[in-house]
**Student:** 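Below: one structure in structure tokens.
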Amino acid sequence: MMAGILLSPSPVNSYRAFKQMGPMDLRNLTKEQYIDAARELAQAGVGVVVTSENGGVSYVKKVPQEIQDRVEENFADLCTFSEYRNRFYLPVPRAVSITWEVQQKLQELGVDDFIIKSKKTSKTIKFKKQPKL
């Protein structure tokens with residue numbers, strides 16, 4: 001499960017996207033199992049778990065340059081650093097919802113913009129201002 005999260009495309013992964021696009025042999029895992037694996041990765045310092053107001057759970061990866069040593073030391077059996085880095089910079093899948101909470105966490109972790117994949121094209125998204133309450 002942790003390898004699937006680490007190697008998911010883009011800096012963001014969600015339980016919903018993992019169920020749709022993750023490795024076939026892991027798609028039947030429960031939300032609780034996804035959260036447990038994401039929390040274990042977060043405790044290792046390679047990302048953070050974000051829960052949105054609507055109850056969605058996402059895992060936001062840290063920028064590769066900041067965690068190269070951690071990936072190489074702690075997760076060499078799951079993936080290489082170059083695999084992590086290459087997957088990190090892929091477009092965000094359409095199945096991932098970029099909520100305000102996820103957007104804030106991306107900015108805190110140093111991700112200034114990201115690419116959203118659509119059926120026809122990929123476009124770079126700049127962060128929006130905080131929604132009015």
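No experiment lies behind these values; they were computed from the predicted model shown. Only this structure's heavy atoms are used, side chains among them; waters, hydrogens and symmetry mates stay out. Along the sequence shown, residues are numbered consecutively beginning with 1.
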**Student:** Nearest 0.5 Å please: distance from the CD atom of Gln68 over to the CZ atom of Phe81.
**Tutor:** 4.0 Å

**Student:** Is there a side-chain contact between Pro23 and Phe18 in this structure, where contact means two heavy atoms from C-beta onward sitting under 4.5 Å apart?
**Tutor:** yes

**Student:** Measuring from atom CD of Glu72 to atom CD1 of Ile67, what distance do you get when rounded to the nearest 0.5 angstrom?
**Tutor:** 10.5 Å

**Student:** Could you tell me which non-hydrogen atom of Ser14 sits nearest to which non-hydrogen atom of Ala95, and how far apart they are?
**Tutor:** OG-O, 4.0 Å

**Student:** Report the C-alpha distance between Ser58 and Glu101 in whole Å, list the side-chain angles of each, state the deciding distance to 0.1 Å, and finish with yes or no for side chain to side chain contact (heavy atoms under 4.5 Å, CB included).
**Tutor:** CA-CA 10 Å; Ser58 298; Glu101 295 87 356; over 6 Å; no

**Student:** Should we say atom CD of Gln65 is surrounded by more than 12 heavy atoms from elsewhere, each under 6.0 Å from it?
**Tutor:** yes

**Student:** Taking CD in Gln20 as the centre, count heavy atoms belonging to other residues, nucleotides or ligands within less than 6.0 Å. Is the count above 12?
**Tutor:** yes

**Student:** Distance-only, no hydrogens or angles: does the Glu83 side chain make a donor-acceptor pair with backbone N or O of Thr80 under 3.5 Å?
**Tutor:** yes

**Student:** Check step by step if side chain to side chain contact (heavy atoms under 4.5 Å, CB included) holds for Tyr84 and Leu78.
**Tutor:** CA-CA 10 Å; Tyr84 176 85; Leu78 301 179; over 6 Å; no

**Student:** Quick one: CE on Met2 to CD1 on Ile5, what's the gap to the nearest 0.5 Å?
**Tutor:** 8.5 Å

**Student:** Closest heavy-atom contact between Tyr59 and Leu41?
**Tutor:** OH-CB, 3.3 Å

**Student:** Ignoring hydrogens and angles, tell me if any N or O in the side chain of Lys62 forms a donor-acceptor pair with the backbone of Gly47 under 3.5 Å.
**Tutor:** no

**Student:** List the atom of Gly4, the atom of Asn13, and the distance in Å for their closest heavy-atom pair.
**Tutor:** O-ND2, 4.3 Å

**Student:** Using the rule that Ile, Leu, Val, Met, Phe, Trp and Tyr join whenever any side-chain heavy atoms are under 4.5 Å apart, tell me whether Met21 and Leu26 fall into a single cluster.
**Tutor:** no

**Student:** Determine yes or no for a side-chain-to-main-chain donor-acceptor pair under 3.5 angstrom, with Arg87 supplying the side chain and Leu6 the backbone.
**Tutor:** no

**Student:** At their closest point, which heavy atom of Val46 faces which heavy atom of Arg70, and how far apart are they?
**Tutor:** CG1-CB, 4.1 Å

**Student:** What's the shortest heavy-atom distance between Asp25 and Asn28, and which atoms?
**Tutor:** O-OD1, 3.7 Å

